[in-house]
Amino acid sequence: MNMKEPQAGSSVAYRYRIFMTTALLTVLGVILGGCSLLTGPSAMVESQPDGTASSLTDKAQYHISWTLHQNLPVPQDAEMLKQVEEQFGVDLDIWNMENNKYESLLDMKLAQGNIPDLFRIRQPQDLLKYQQQGVLTEIPVEMLNQYSPNLMRIIHEQAPAYENAGVIDGKYYGIPVINPTNIYRTPVVYREDWLHKLGLPVPQTLAEFENMIYAFTFDDPDGNGIQDTYGLSSEGMNVVFGAFGQIVFADQLYFGTKDGKKVVGALEPEMKEALTYLRKWYKDGVIDPEFVTGENKGGYKHLSHAFINGKIGMTSMGNYYHWIQDGDYEDWRVERGGQVVRNPVQAAFNVKELTAKFPEASGHIRQTLHGASWTTRLQRQ
């Protein structure tokens, strides 16, 4: 390629989290009634996921089955669960489904005829799929404006681009769930001790990145005398696609704007250029051959076991807070007497796991919370 090399750090990629809450065909009134928005007789009790019936308590007007974002299962006697049930007069049935397998577990439940009253959708294309399958019912916009005016106002003010995210053929089938503060850069993490051992700088261009991953693969960065390391795996590919302005491994098909028109990123010439690099690297053996199964091998979804176990030397797994290092910032707590107690944070998630396995290991993630912190994409030459 004949390209000029831009200044490093000139572009930043952000993620904006958005999920969908859906109301189901047979239980729309139950969902809204559980929030004390409708009045009327008690709802009929739906079957539990295992097919057994459940009776309502004397206090509960409605029985609502619900799926949530979960890192850990919700206990049946959870304090907040009981408080919500008592406050709103509902009987909540929380479906505990492993986050890493959420879509497949949900589809299995639906295929068995077990449909939750309220559930989240992470992949927008699934909203259309479930609507076409007859699983969902329309949520009249008049009802939303009447009973959820603040919710609709916040979506309009904070995320107007997502107002119609739950609309199919002019009708609402899902309510966007937004978090305006959850805008963050994608972290790009390197084994700094490997860089130092091999005398390499933190890469700023695609050429420097390529040189680094070949060295991580063939120059024995862990010093064990065995060629058992690789430059990158699935998550590391994010920065390569990012260098060409593309997004993959996302929860939805990526669309961009080019010459004032919407284009499908996967069909753009730049995507082919990125894939050309990856094809060469895979052929040369610098990409982990197990990349198709992902870097996470179970448990908490944002742990990169390939990185933690010293198999690869770079990744862009998770969010910045999955790479907290000792002393990155202080946790402030105000005591009852007004005294402010400041405690430096300790390493967490990936860094904690990595250093427990390899005490000598260190990672380079830029300096957190100081200026341009997280490397987000490489610059093309």
Side-chain angles (χ1 to χ4, degrees), residues 8-17 100 182-195 200-206 208-214 216-217 221 229-252 254 265 270-271 274-275 277-278 281-282 286-288 290-297 300-325 328 347-354 361-369 372-380:
S10 62
S11 55
V12 176
Y14 293 96
R15 293 177 181 171
Y16 199 110
R17 293 277 180 172
N100 283 1
N182 197 16
I183 302 175
Y184 54 89
R185 297 175 175 130
T186 301
V188 177
V189 187
Y190 304 97
R191 279 289 296 267
E192 190 173 46
D193 53 322
W194 287 12
L195 291 172
L200 297 172
V202 175
Q204 304 297 316
T205 68
L206 199 55
E208 292 176 356
F209 181 84
E210 183 175 53
N211 181 58
M212 179 197 70
I213 60 176
Y214 274 79
F216 280 177
T217 304
T229 57
Y230 299 93
L232 72 159
S233 188
S234 57
E235 297 295 325
M237 296 179 188
N238 288 323
V239 299
V240 182
F241 287 109
F244 293 89
Q246 303 301 312
I247 296 175
V248 295
F249 303 121
D251 289 338
Q252 62 191 63
Y254 170 64
E270 291 82 2
M271 179 64 78
L275 290 171
Y277 272 92
L278 293 174
W281 296 345
Y282 182 74
V286 299
I287 296 177
D288 178 6
E290 297 182 1
F291 79 92
V292 291
T293 61
E295 297 180 20
N296 178 271
K297 304 305 179 182
Y300 184 56
K301 67 176 182 177
H302 290 303
L303 290 177
S304 172
H305 295 104
F307 189 88
I308 292 168
N309 293 329
K311 192 174 185 180
I312 58 175
M314 72 80 51
T315 183
S316 62
M317 172 73 85
N319 198 344
Y320 75 91
Y321 51 78
H322 298 118
W323 297 94
I324 293 173
Q325 302 180 81
D328 269 352
F349 299 108
N350 285 283
V351 175
K352 181 180 179 180
E353 298 288 338
L354 174 67
S362 62
H364 184 95
I365 327 172
R366 300 287 184 183
Q367 289 295 315
T368 60
L369 305 182
S373 50
W374 303 94
T375 307
T376 58
R377 67 167 73 168
L378 298 171
Q379 307 303 318
R380 291 180 286 175

Any chance you could measure [X], atom [atom1], to [Y], atom [atom2], to the nearest 0.5 Å?
| X | Y | atom1 | atom2 | answer |
| --- | --- | --- | --- | --- |
| L278 | F241 | CG | CZ | 5.0 Å |
| N211 | L200 | CG | CG | 6.0 Å |
| E270 | Q246 | CD | CD | 6.0 Å |
| M317 | F349 | CE | CZ | 13.0 Å |
| E353 | L303 | CD | CG | 6.0 Å |
| S233 | F291 | OG | CZ | 7.5 Å |

Side-chain touch [X]/[Y], heavy atoms, less than 4.5 angstrom:
| X | Y | value |
| --- | --- | --- |
| L195 | M212 | yes |
| Y277 | F209 | no |
| M314 | V239 | yes |
| N350 | I308 | yes |
| V189 | F307 | yes |
| F244 | L275 | no |

Crowding at NZ, K352 (>12 non-hydrogen neighbours, <6.0 Å): no
Determine the minimum heavy-atom distance between [X] and [Y], stating which atoms define it.
| X | Y | value |
| --- | --- | --- |
| I312 | G231 | CB-O, 4.4 Å |
| G318 | P187 | O-CD, 3.3 Å |
| G310 | W194 | O-CH2, 3.6 Å |
| G294 | S234 | CA-OG, 3.7 Å |
| N319 | Y321 | ND2-CE2, 2.9 Å |
| V202 | Q204 | O-NE2, 3.3 Å |

Set of residues satisfying salt bridge (Lys or Arg N to Asp or Glu O under 4.0 Å) with respect to E210, sequence neighbours excluded: K280
Qualifying residues under ring pair (Phe, Tyr, Trp, His ring centres under 6.0 Å), relative to H305, sequence neighbours excluded: none
Distance-only side-chain donor-acceptor flag, S304 / E235, under 3.5 Å: no
Pairing residues for T217 by the side chain to side chain donor-acceptor pair (under 3.5 Å) criterion, not counting sequence neighbours: none
Aromatic plane relationship, H322 with Y300 - under 30° parallel, 30 to 60° tilted, over 60° perpendicular: tilted
Steps toward side chain to side chain contact (heavy atoms under 4.5 Å, CB included) verdict (L354, R191): CA-CA 10 Å; L354 174 67; R191 279 289 296 267; 3.8 Å; yes
